[in-house]
Amino acid sequence: MRNKHLDLHQRIVNAAASQEVENVKAQHTYYHGRADAYGEWHNIWSHDPWCSWGHIFGRMRGWDQIWAGSVTHYDNMAMELQLKNQKIYPELGGLDPRPLMEASVHTLFTDVIEVADDGKSARGSFITPGVIFCRLNRHQYPYCNVLWERYGSDFVLEYGKWKYLHEQVCPDIMGKLDMTNFAHEDFERLTAPQEKGIGPVTLGEDPDVTDPGPLHLPYSVIMPPQNTVPWPEPYRTLDNDNSYCPVKTFAELQAEKG
C-alpha cells in the first residue's frame, strides 16, 4: 500500500474522510436536482477567499463572485422564468420557483477520491451521466438536455466538516433530447458558424468570471481528447501542483507556458 508511511490512526481517519467527501458530493446532486443553489453554496461550500467554481464559460474565483454567479444569477433565472410561466400556468402562484425551473438528475459513479497525507484536504474526480429537463415553459413542450459531465473537485476540512473548495465542471457530451438534430447542429457550428448563424456553446447568459473560457468543450468529431480534470494522484497536501484550481489565474499560467 502506498500509504504505509502513515500511522494506523491517520490511515483510518483518511479512509473515513473519503466516505464523508463522497457524501458531500451526493448532497450536491440533491441540491442541484431541485435547483437549490442557495442550499448548496450555503451548506456544503467553504467561504474561503480562494474558493472557485468553473464550467464551459470560465472560472469564478472568490466567494463574492461565486455567490453572484451561482446563486444570485441562478435564482434570477428561476424567478424570471416563473413570472413568464405564471401567465400560462396561473396555479404556479405561491410555489418555490427554483425546483420548477428545471430538474437536474445526475447520478455519480467511477469516483476516484484521494485524501491528503495530512488529512486536511481531499481531491475527487467523478463522472455523472444524467439529464436536465423541465415541463413548465413558454413553449408548453417538454425540454430535456442529455448531459455527461466530469467533475474535478477539491475539498477541505473546516471545523470538523468537509466542504467544497474548488470545482471544475467538464461537460463531455451535451445534446437536446427529442427536440433537434443536435449532432447536425454541432457539425454546422464547427464547420460554418458564421454562414449558419450558429454561435459557440454557451449556457445562456453567462455570469462574470475571473478566468474566461472556454475551459472545456463538449465532444465533437474533430476534437482531440481533453484531460481537463484528470483523476487525482496520491499527494501530501493541497498545493498548486495538487489542485483543480491553481492559485495563479488561467491567463498567468498560459503566459508562463509561452
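In what follows, every heavy atom counts, from backbone to side chain, and hydrogens, waters and symmetry copies are set aside. The shown structure was predicted, so the numbers you read here are calculated from the model rather than taken from an experiment.
- Around atom CG of Asp208, no more than 12 heavy atoms belonging to other residues, nucleotides or ligands sit under 6.0 Å away.
- Note on ring orientation: taking the six-membered ring where Trp is involved, the planes of His42 and Tyr38 are parallel (angle under 30°, cut-offs 30° and 60°).
- In this structure the side chain of Glu149 reaches within 4.5 angstrom of the side chain of His55, judged on heavy atoms.
- Note on ring orientation: taking the six-membered ring where Trp is involved, the planes of His47 and Trp63 are parallel (angle under 30°, cut-offs 30° and 60°).
- Between Lys161 and Val24, the closest side-chain pair of non-hydrogen atoms is not below 4.5 Å.
- Note that the NE2 atom of His106 and the CD1 atom of Ile132 stand 4.5 Å from one another [nearest 0.5 Å].
- Ring planes of Trp53 and Phe57: tilted class, angle from 30 to 60°.
- Atom CH2 of Trp50 sits about 11.0 Å away from atom OG of Ser243, to the nearest 0.5 Å.
- Asp36 and Arg98 are joined by a salt bridge, as a carboxylate oxygen and a charged side-chain nitrogen come within less than 4.0 angstrom of each other.
- Using a 4.5 Å heavy-atom cutoff, the side chains of Leu92 and Leu136 are in contact.
- Two residues are said to be in side-chain contact when any heavy atoms from C-beta on lie closer than 4.5 Å; Asp117 and Leu6 meet this criterion.
- In this structure, CZ in Arg61 is found 6.0 Å from OG in Ser52, a value given to the nearest 0.5 Å.
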Exercise for review: Decide yes or no on side-chain contact (heavy atoms from CB on, under 4.5 Å) for Leu95 and Leu100, but give the supporting numbers first.
Suggested key: CA-CA 8 Å; Leu95 300 179; Leu100 296 175; 3.8 Å; yes

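- Cluster membership for Val115 and Val13, using ILVMFWY side-chain heavy atoms within less than 4.5 angstrom, is not shared.
- The side-chain hydrogen bond (donor to acceptor under 3.5 Å, both in side chains) test with Arg150 singles out one residue from Thr110, Thr128, Asp172, and that residue is Asp172.
- For the atom pair CZ of Arg123 and NE2 of His166, the computed distance is 10.0 Å after rounding to the nearest 0.5 Å.
- Side-chain contact between Lys25 and Asp111 is absent, with no heavy-atom pair separated by less than 4.5 Å.
- Side chain of Ser18 to backbone of Ala15: a donor-acceptor contact under 3.5 angstrom is found.
- Tyr244 places a side-chain heavy atom less than 4.5 Å from the side chain of Pro232.
- When atom types are taken as modelled, the side chain of Gln226 and the backbone of Leu217 share a donor-acceptor pair closer than 3.5 angstrom.
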Review point. Passes side-chain contact (heavy atoms from CB on, under 4.5 Å), Ser121 versus Leu165? Steps please.
Key: CA-CA 9 Å; Ser121 67; Leu165 181 66; over 6 Å; no

Review point. Stepwise, does the ring-ring contact (aromatic ring centres under 6.0 Å, His included) test hold for Phe133 with Tyr143?
Key: CA-CA 5 Å; Phe133 66 93; Tyr143 165 86; 9.4 Å; no

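- Annotation: side chain of Asp96 is in contact with side chain of Arg34 (closest heavy-atom distance under 4.5 Å).
- One side chain, Gln10 or Asn14, offers a donor N or O that lies under 3.5 Å from an acceptor on the other.
- Residues Thr228 and Gln168 bring no donor and acceptor atom of their side chains to less than 3.5 Å of each other.
- For the atom pair CE of Met101 and CG of Asn85, the computed distance is 11.0 Å after rounding to the nearest 0.5 Å.
- Val21 and Val229 are assigned to two separate hydrophobic clusters, defined by single-linkage of ILVMFWY side chains at heavy-atom distances under 4.5 Å.
- Within the 4.5 Å cutoff, the side chain of Leu147 has no heavy atoms near those of the Ser104 side chain.
- In terms of heavy atoms, Thr29 sits closest to Ala26 at OG1-O, 2.5 Å.
- Residues Arg236 and Ala116 come closest through the heavy atom pair O-CB, 3.4 Å.
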